[in-house]
Amino acid sequence: QVQLVESGGGLVQAGGSLRLSCAASGRTFSTYTMGWFRQAPGKEREFVVGIDWTGRITWYADSVKGRFTISRDNAKNTVSLEMNSLKPDDTAVYYCAASYSLARTSGAYPYWGQGTQVTVSS
């Protein structure tokens, strides 16, 4: 089992950048696929990006490809999301999640953080 805590959310103007971090507890962090999801008001939770346990394989939602970058540091039990060229449509609560598989569906991720708010103003 793993516990996840996100940080780094905030308010930013369109075109700006933010870096989200997710700190994980537990000695088995390096064995998990990690993902970021987001949920905007009135919308379903959607996949943003995933990274395999090695950090060498990543997969992105088309809406963020080229703007967002995921990375992980297994020595520090952290996964980060660098978000650039932010748009108002990126406004959402962002969640860090852990999975046993290379997945992009929320149902495949049994472990979740509490979320961090990202607001992009126009």
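What you see below is based on every heavy atom in this structure, not just the backbone, and it leaves out hydrogens, waters and symmetry mates.
For CH2 of Trp59, the number of neighbouring non-hydrogen atoms (other residues, nucleotides, ligands) closer than 6.0 Å is greater than 12. Residue-environment remark: CD (Gln114) exceeds the threshold of 12 foreign heavy atoms within 6.0 Å.
A side-chain donor-acceptor contact under 3.5 Å links Ser17 and Asn84. For the residue pair Gln3 / Ser25, a side-chain donor-acceptor distance below 3.5 Å is found, with atom types taken as modelled.
Note on residues 32-73: no pairs pass disulfide (SG to SG under 2.5 Å), not counting sequence neighbours. For residues 19-122, every residue pair satisfying the disulfide (SG to SG under 2.5 Å) rule, not counting sequence neighbours, is listed here: Cys22-Cys96. Sorted pairs that involve residues 45-80 and meet disulfide (SG to SG under 2.5 Å), not counting sequence neighbours, are lacking altogether.
Under the salt bridge (Lys or Arg N to Asp or Glu O under 4.0 Å) criterion, Arg67 pairs with Asp90, not counting sequence neighbours. For Tyr60, the side-chain hydrogen bond (donor to acceptor under 3.5 Å, both in side chains) criterion is met by no residue, not counting sequence neighbours. Residues satisfying the salt bridge (Lys or Arg N to Asp or Glu O under 4.0 Å) criterion with Lys65, sequence neighbours excluded, are Asp62.
The distance from the CD1 atom of Ile51 to the CD1 atom of Ile57 is 10.0 Å, given to the nearest 0.5 Å.
A heavy-atom distance below 4.5 Å is found between the side chains of Val120 and Pro88. Here the side chains of Phe68 and Leu81 are in contact, with some heavy-atom distance below 4.5 Å.
Less than 6.0 angstrom separates the ring centroid of Phe37 from the ring centroid of Trp112.
Follow the hydrophobic side-chain contacts under 4.5 Å out from Val79 and you never reach Tyr109; the two are in separate clusters.
Relative to the ring axis of Tyr95, Arg38 does not place its NZ or CZ within 45° and under 6.0 Å from the centre.
Taking the six-membered ring where the residue is Trp, Tyr111 and Tyr100 present perpendicular rings, their angle passing 60° and hence far from 30°.
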